[in-house]
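A quick note: this is a predicted structure, and the numbers were derived from the prediction, not measured. Quick note on labels: first sequence line is chain A, next is B, and so on, each numbered from 1.
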Amino acid sequence: MPGALARLADPIVARAGELGAEGAVEAALARPSIEAHGDFATAIAMRLAPALGRSPREIAEELAEGVPLGGLIESVDVAGPGFLNLHVTPAWYGLALAEVLDRGEAYGSGSAAEPEHIQVELVSANPTGPLTVGSARNGAYGDSVARLLAFAGHRVEREYYYNDAGSQIERFRASVEARRRGEEPPEDGYHGDYITEVAQLDGDPVPTMLEQIEATLRRFRIEIDTWERQSKLERDVPAIIDRLETYEAAGALWIRSTAHGDEKDRVLVRSADRGGLPTYEAADAVYMQRKLAVGFDRLVYVLGADHHSYVAWLGALASALGTDPARVEVLIYQLVHVTEQGEAKKVSKRRGDVVLLDELLDEVGVDAARWFLVARGHDQTVDIDVDLAREKTQKNPVYYVQYGHARIAGILRNAGAAEISPEPPAELAPAERDLVKRLVDFTSVVAEATEHRGPHAIPIYAVRLADDFHRFYQRHRVLDGAAQAFRLALCLATQRLIARCLDLIGVEAPERM
RNA sequence: GGCCCCGUAGCUCAGUGGAGAGAGCAACGGACUUCGAAUCCGUGCGCGGAGGUUCGAUUCCUCCCGGGGCCUCCA
């Protein structure tokens with residue numbers, strides 16, 4: 001909790017202790033939707049009522065008596081079933097704004113109780129073709145989670161895991177070879193136009209594809225720290241098998257993952273009549289072992305909803321490897337559906353029936369694409385209508401938020417070296433109060449977004465922040481009068497938080513638009 | 001059949017065990033001689049259905065209905 005809010009809550013919590021409340025008591029301060037209910041409200045009296053065996057109203061009355069009035073708190077009311085409504089003074093707004101400015105870049109950061117070394121594995125699309133919009137959601141979501149974790153104080157590394165051995169890859173190579181010979185790719189091969197382009201170049205097409213993918217990710221503002229490939233891991237499959245409980249059935253080697261909570265046992269080595277090669281899951285086992293050996297406290301896997309059975313599998317695998325499954329976190333996001341002229345497109349790389357991330361970026365730009373892909377909950381399916389992509393772009397709220405940032409930049413340019421001070425005027429206008437309270441919200445918003453792995457809360461907050469700013473701007477002239485220094489401070493704090501929000505989701509904060 | 005996600009305004013979506021549920025888009029009507037109009041202001045009885053837990057449920061639990069996904073010795 002920011003200091004400014006703690007200053008309001010602490011006396012109430014202390015008073016609750018005097019009344020006999022035990023354990024961790026929290027006076028969660030919420031912002032009421034109705035102005036008459038004060039600047040902040042808490043339902044603490046209702047929560048304490050059962051334990052104290054008294055009526056909520058009565059408790060609230062006594063809590064209110066413990067609230068010191070005059071300095072930061074103007075008045076306190078008991079309302080409804082036992083709400084405590086606080087009205088704060090201009091001095092409180094000054095304190096809150098000063099806190100935002102004083103902490104600077106660090107405002108809202110460091111929410112991690114115990115900083116961890118975390119690996120976020122993201123995208124990890126097979127290099128059998130360029131990245132699709134499906135992978136883009138993985139990237140936008142996973143990268144934003146990684147940014148949030150880093151902001152919270154964790155040490156974060158991003159890894160991309162790719163398959164460079166296996167049937168899909170062989171089909172891909174065979175398809176390129178066929179094109180090089182001037183033939184059609186095999187029926188079960190890859191038929192996209194990019195196959196023809198890759199065929200123009202010599203050598204193994206897999207590294208070529210990977211370079212393209214990395215370039216696209218950079219363009220999408222995702223920096224991968226390390227790359228891991230399946231063929232390398234497969235060498236250690238025999239060693240990992242020795243450590244796991246396995247059995248043979250139908251000629252294949254299985255892991256008894258159900259003993260560790262999995263939904264089903266899984267094949268690690270295929271039967272001879274299916275080639276006798278290790279499966280993807282066998283590589284998973286080696287891979288997880290390797291990640292753990294690096295010393296990460298936490299392993300984050302970012303996977304699409306089509307992989308949801310991996311939640312059970314990776315948890316079971318962690319357990320089978322003798323580590324706490326709680327260290328393994330699988331983040332599932334719902335899939336992206338692409339429609340064109342009202343028709344759903346099946347996102348199949350093999351058929352070449354895909355919308356590529358690069359195409360989307362050409363069409364709408366990086367800022368709008370990242371915003372769009374991260375602005376809704378990861379549990380929500382995303383629809384992209386290719387035909388409407390550009391039109392929708394014009395209405396993307398990202399521009400509303402960026403405009404707020406640019407507008408403030410303009411004001412600050414005009415302000416030159418004018419004094420900036422959080423010292424509050426005798427009276428604050430409603431728009432000024434709303435804006436300060438919004439700034440104060442940031443700390444809890446970003447902490448919860450991190451905790452829930454829900455980066456979509458950031459753009460939602462950013463829109464509200466920009467909204468409060470635009471309204472303030474409309475009603476009050478900044479560069480004029482006695483309140484100028486305070487209003488400039490308000491602008492500066494707002495600009496910094498908008499920039500912070502945008503950075504957390506990989507969007508730029510322009511000085512001009 | 002089993003498992004996962006979703007069902008909130010005309011559309012796309014936020015939201016929280018608390019008071020009277022929000023935003024964008026679309027629609028209509030207003031506001032620029034003034035720091036950037038990519039802006040602002042006004043107009044909105046909507047939490048799929050039925051039970052349950054609770055002082056209080058849109059939120060938690062159960063069931064039902066509807067939509068999407070997964071249940072390969074694919075990756």
Side-chain angles (χ1 to χ4, degrees), chain A residues 28 30 32-34 36-37 41-43 46-47 49-50 55-56 79-83 85 124-126 128 162-163 165-169 171 230 249-254 263-264 266-284 304-312 332-335 337 344 350 372 375-383 385 391-392 394-404 406-415 454 456-457 459-461 463-464 466-467 469-480 484 487-488 491 512-513:
Chain A
S33 51
I34 300 161
H37 291 166
T42 174
M46 274 101 87
R47 294 181 204 284
S55 87
F83 289 100
N85 295 335
S124 297
N126 277 353
T128 54
Y162 63 95
N163 183 359
S167 57
Q168 294 299 336
I169 288 289
R171 281 176 193 158
Q230 187 177 337
L253 185 72
W254 300 68
E263 324 167 320
K264 59 186 179 187
R266 311 206 180 222
V267 172
L268 292 182
V269 182
R270 297 182 182 87
S271 55
D273 58 332
R274 306 248 190 155
L277 294 172
T279 59
Y280 198 85
E281 281 81 356
D284 283 337
D306 53 338
H307 284 68
H308 90 263
S309 79
Y310 251 49
V311 177
I332 299 292
Y333 59 91
Q334 297 300 310
L335 300 178
H337 295 295
R350 226 179 295 168
F372 181 75
R376 61 191 70 195
H378 53 273
D379 279 338
Q380 195 73 233
T381 308
V382 168
D383 290 294
D385 188 321
E391 191 198 324
K392 279 182 182 166
Q394 305 307 319
K395 293 154 191 161
N396 194 312
V398 71
Y399 300 117
Y400 179 80
V401 175
Q402 289 183 318
Y403 181 58
R407 212 175 201 186
I408 294 172
I411 295 169
L412 294 175
R413 278 193 298 271
N414 293 335
H456 68 286
I460 289 162
Y461 168 79
V463 167
R464 291 184 182 148
D467 193 46
F469 172 74
H470 285 307
R471 193 171 300 118
F472 155 76
Y473 174 91
Q474 191 74 20
R475 296 185 182 168
H476 306 287
R477 200 178 160 77
V478 175
L479 299 177
D480 194 23
Q484 175 174 313
R487 288 177 178 161
L488 278 172
C491 287
R512 299 172 202 271
M513 291 176 72

For [N], does OP1 or OP2 lie under 4.0 Å from any side-chain N or O of [X]?
X      : N     : result
A/Y399 : B/U39 : no
A/R270 : B/C74 : yes
A/R376 : B/C13 : yes

When the P atoms of B/A14 and B/A9 are compared, how many Å lie between them, rounded to an integer?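 Between the two P atoms, the distance is 12 Å.
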Between B/U58 and B/A21, how far apart are the two P atoms, rounded to whole Å?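 Roughly 11 Å separates the two P atoms.
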B/C32: syn or anti, per glycosidic angle within 90° of 0: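 What B/C32 shows is a syn base, its glycosidic angle lying within 90° of 0.
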Residue [X], side-chain atoms from C-beta onward, closest of [options]:
X      : options             : value
A/H37  : B/A19, B/C3, B/G69  : B/A19
A/Q168 : B/C74, B/A19, B/C40 : B/C74
A/E263 : B/C3, B/C13, B/C40  : B/C3
A/L479 : B/C74, B/C35, B/U39 : B/C35
A/H337 : B/G36, B/A19, B/G68 : B/G68
A/R407 : B/G68, B/G69, B/G36 : B/G36
A/R413 : B/A14, B/C73, B/G36 : B/G36
A/K395 : B/G20, B/A26, B/C6  : B/A26
A/A79  : B/A37, B/A19, B/C13 : B/A19
A/V463 : B/A23, B/A37, B/C6  : B/A23

Ring centres within less than 5.5 Å and planes less than 30° apart: is that true of A/F83 and B/A19 in this structure?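 Stacked: centres under 5.5 Å apart, planes under 30°.
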Quiz item: A/S271 side-chain donor-acceptor pair to B/C73 base, under 3.5 Å: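 Flag set: donor-acceptor pair detected.
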Report yes or no: is there a donor-acceptor pair, N or O only, under 3.5 Å between the side chain of A/N396 and the base of B/A38?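 Flag unset: no donor-acceptor pair detected.
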Start at the 5' end of RNA chain B and walk down; is the nucleotide closest to A/R47 or to A/S167 reached first?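 The residue closer to the strand's 5' end, by nearest nucleotide, is A/R47.
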Classify A/Y400 by what it touches in the nucleic acid, base, sugar-phosphate, or nothing, heavy-atom distance under 4.0 Å.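 Here A/Y400 touches the backbone only, sparing every base.
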Could you tell me the Watson-Crick or G-U partner of B/G17, where both distances fall under 3.5 Å? Say none if there is no partner.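 Paired with no nucleotide.
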